[in-house]
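By convention in this document, chain letters (A, B, ...) are assigned in the order of the sequence lines, proteins followed by strands, and residues within each chain are numbered from 1.
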Amino acid sequence: MTTQDLFDNDPLPPRQRLGPGSLLLRGFALPYQTRLLAALNAVIDAAPFRHMVTPGGYGMSVAMSNCGELGWVTDLRGYRYSPVNPASEHPWPAMPEVFFQLATSAAAEAGYADFMPDACLINRYEPGSKMGLHQDKDELDFTQPIVSVSLGLPAVFLFGGLRRNDKTERIPLTHGDVVVWGGADRLRYHGILPLKSGRHPLLDTARINLTFRKAG
DNA sequence: AAGTAACA
DNA sequence: GGGT
């Protein structure tokens with residue numbers, strides 16, 4: 001019996017305010033999960049995951065794909081949104097309706113009633129995969145929020161402040177959780193701690209994160 | 001640098 | 001584990 005075990009059984013509240021413009025919706029994606037995963041498989045068939053390279057020349061531990069009008073990409077030249085998949089030169093797959101419905105519903109719950117995402121970044125974490133602290137700042141309109149959907153293995157979300165050195169909050173995210181951040185929180189630093197090994201009934205050894213943005 | 005490495 |  002460790003101290004952590006004492007906390008593991010505490011019920012997590014269904015809604016948690018993380019800041020003036022941020023809301024954590026526990027299990028919000030669960031009613032969508034079957035359709036979500038079917039649509040995800042179709043998107044990944046058309047635009048397979050790959051490990052992109054940062055401007056410094058290192059590969060990312062997270063494998064990525066995109067759907068929607070625009071996709072977030074990185075290579076030696078930098079970060080940007082692109083209407084085409086650089087691996088194929090084809091447009092990204094269209095954003096499935098169920099993706100759009102989930103994202104707009106979650107945004108509305110958090111007070112962003114007119115959110116119209118045109119980009120969905122799909123991140124696949126395997127054990128050890130992580131995402132360093134960063135801001136989402138390649139979008140054109142920071143009045144539009146970010147909607148982040150967690151599927152599969154649990155992970156620890158780091159939610160920092162507007163400056164890189166601000167103290168970070170550690171938030172455990174499990175299958176079906178949705179985080180929305182915007183307004184005064186839109187440019188808060190965030191990241192993911194290295195994923196722990198495990199097995200999920202639907203996604204086996206992986207965590208999938210869908211991040212919706214109004215990029216263009 | 002959405003990255004790693006070295007160091008305190 | 002922080003910050004650089």
Side-chain angles (χ1 to χ4, degrees), chain A residues 2-4 7 18-19 21-22 24 40 43-44 47-87 92 103 117-142 144-173 177-182 185-196 206-216:
Chain A
T2 68
T3 305
Q4 190 57 48
F7 292 96
L18 303 177
S22 312
L24 165 54
L40 173 66
V43 167
I44 295 306
F49 286 116
R50 68 188 181 90
H51 292 270
M52 295 195 288
V53 172
T54 63
Y58 293 97
M60 299 184 73
S61 62
V62 175
M64 297 178 162
S65 184
N66 290 275
C67 62
E69 291 295 311
L70 293 169
W72 187 86
V73 298
T74 175
D75 58 21
L76 293 175
R77 293 156 38 203
Y79 304 150
R80 64 200 172 275
Y81 281 93
S82 168
V84 298
N85 181 353
W92 297 105
D118 57 11
C120 175
L121 175 61
I122 305 168
N123 292 151
R124 185 190 65 197
Y125 295 76
E126 298 285 354
S129 295
K130 58 189 158 56
M131 182 80 68
L133 270 190
H134 68 281
Q135 296 171 299
D136 289 10
K137 59 179 183 186
D138 299 317
E139 302 76 25
L140 293 179
D141 181 2
F142 296 146
Q144 295 301 309
I146 302 291
V147 174
S148 170
V149 177
S150 293
L151 299 168
L153 291 181
V156 178
F157 181 58
L158 296 176
F159 203 37
L162 299 179
R163 298 169 306 183
R164 178 176 283 276
N165 293 350
D166 289 343
K167 185 162 57 184
T168 59
E169 186 177 357
R170 292 157 121 86
I171 300 162
L173 294 179
D177 291 348
V178 178
V179 182
V180 181
W181 65 95
D185 297 323
R186 175 61 177 75
L187 291 175
R188 282 174 69 170
Y189 278 87
H190 55 282
I192 291 284
L193 290 184
L195 196 78
K196 293 209 296 191
R207 170 179 188 261
I208 302 284
N209 179 69
L210 310 176
T211 310
F212 296 90
R213 305 94 185 270
K214 172 69 179 163

Open item on the list: Is it the case that atom CD in A:Q135 sees more than 12 heavy atoms from other parts of the structure closer than 6.0 Å?
Closed with: yes

- [ ] Measure from NE2 on A:H134 to C1' on B:dG3 and round the result to the nearest Å.
- [x] 13 Å

Task: Involving DNA chain C, stems made of at least three consecutive Watson-Crick or G-U pairs, both distances under 3.5 Å - done: none

TODO: Mind calculating the distance between CE (A:M52) and P (B:dA1) to the nearest angstrom?
DONE: 16 Å

Open item on the list: Against the six-membered ring of A:F159, is A:R188 placed for a cation-pi contact (under 6.0 Å from the centre, within 45° of the normal)?
Closed with: yes

- [ ] Grab the NZ-C1' distance between A:K137 and B:dA1 for me, whole Å please.
- [x] 10 Å

Open item on the list: Check for me whether A:R207 meets the cation-pi criterion with A:Y125, that is, NZ or CZ under 6.0 Å from the six-membered ring centre and within 45 degrees of the ring axis.
Closed with: yes

- [ ] Using only side-chain N and O atoms of A:Y58, determine if any of them is under 4.0 Å from OP1 or OP2 of B:dT4.
- [x] no

TODO: Using atom CE of A:M60 as one end and atom P of B:dA1 as the other, report the distance to the nearest whole Å.
DONE: 13 Å

Open item on the list: At less than 4.0 Å, is any side-chain N or O atom of A:R163 found next to OP1 or OP2 of C:dG2? Yes or no.
Closed with: no

TODO: Have a look at A:M131 and say if it touches a base, only the backbone sugar-phosphate, or nothing, with a 4.0 Å heavy-atom cut-off.
DONE: base

- [ ] Send over the distance from A:R164 CZ to B:dG3 P, rounded to a whole Å.
- [x] 9 Å

Open item on the list: Counting the atoms with a prime plus P, OP1 and OP2 as sugar-phosphate, which does A:R80 contact under 4.0 Å by heavy atoms, base, sugar-phosphate, or nothing?
Closed with: nothing

Open item on the list: If you apply the rule ring pair (Phe, Tyr, Trp, His ring centres under 6.0 Å), what do you find for A:F142 with A:W181, and how did you get there?
Closed with: CA-CA 11 Å; A:F142 296 146; A:W181 65 95; over 10 Å; no

TODO: Looking at every strand, decide which applies to A:G132 at a 4.0 Å heavy-atom threshold: base, sugar-phosphate, or nothing.
DONE: sugar-phosphate

TODO: Measure from the side-chain N and O atoms of A:H134 to the backbone N and O of A:H190, and report whether any donor-acceptor pair falls under 3.5 Å.
DONE: yes

TODO: For A:D138, report the nucleic acid contact type (base, sugar-phosphate, nothing); a contact means any heavy atom under 4.0 Å.
DONE: base

- [ ] Starting at atom CG of A:L121, determine the distance to atom P of B:dA2, rounded to an integer number of angstrom.
- [x] 14 Å

Open item on the list: Whole angstroms only, please: what is the NZ-P distance between A:K167 and C:dG2?
Closed with: 11 Å

Task: Shortest side-chain distance from A:N165, nucleotide among B:dA2, C:dG3, B:dT4 - done: C:dG3

Open item on the list: Tell me if a side-chain donor or acceptor on A:S61 pairs with a main-chain N or O of A:K130 at a distance below 3.5 Å.
Closed with: yes

Open item on the list: In this structure, how many angstroms lie between the P atom of B:dG3 and the CG atom of A:L193, rounded?
Closed with: 12 Å

TODO: When you get a sec, tell me which of B:dA1, B:dA2, C:dG2 is the closest nucleotide to the side chain of A:P55?
DONE: B:dA1

TODO: Using a 4.5 Å cut-off on heavy atoms from C-beta on, say whether the side chain of A:M64 contacts that of A:N209.
DONE: no

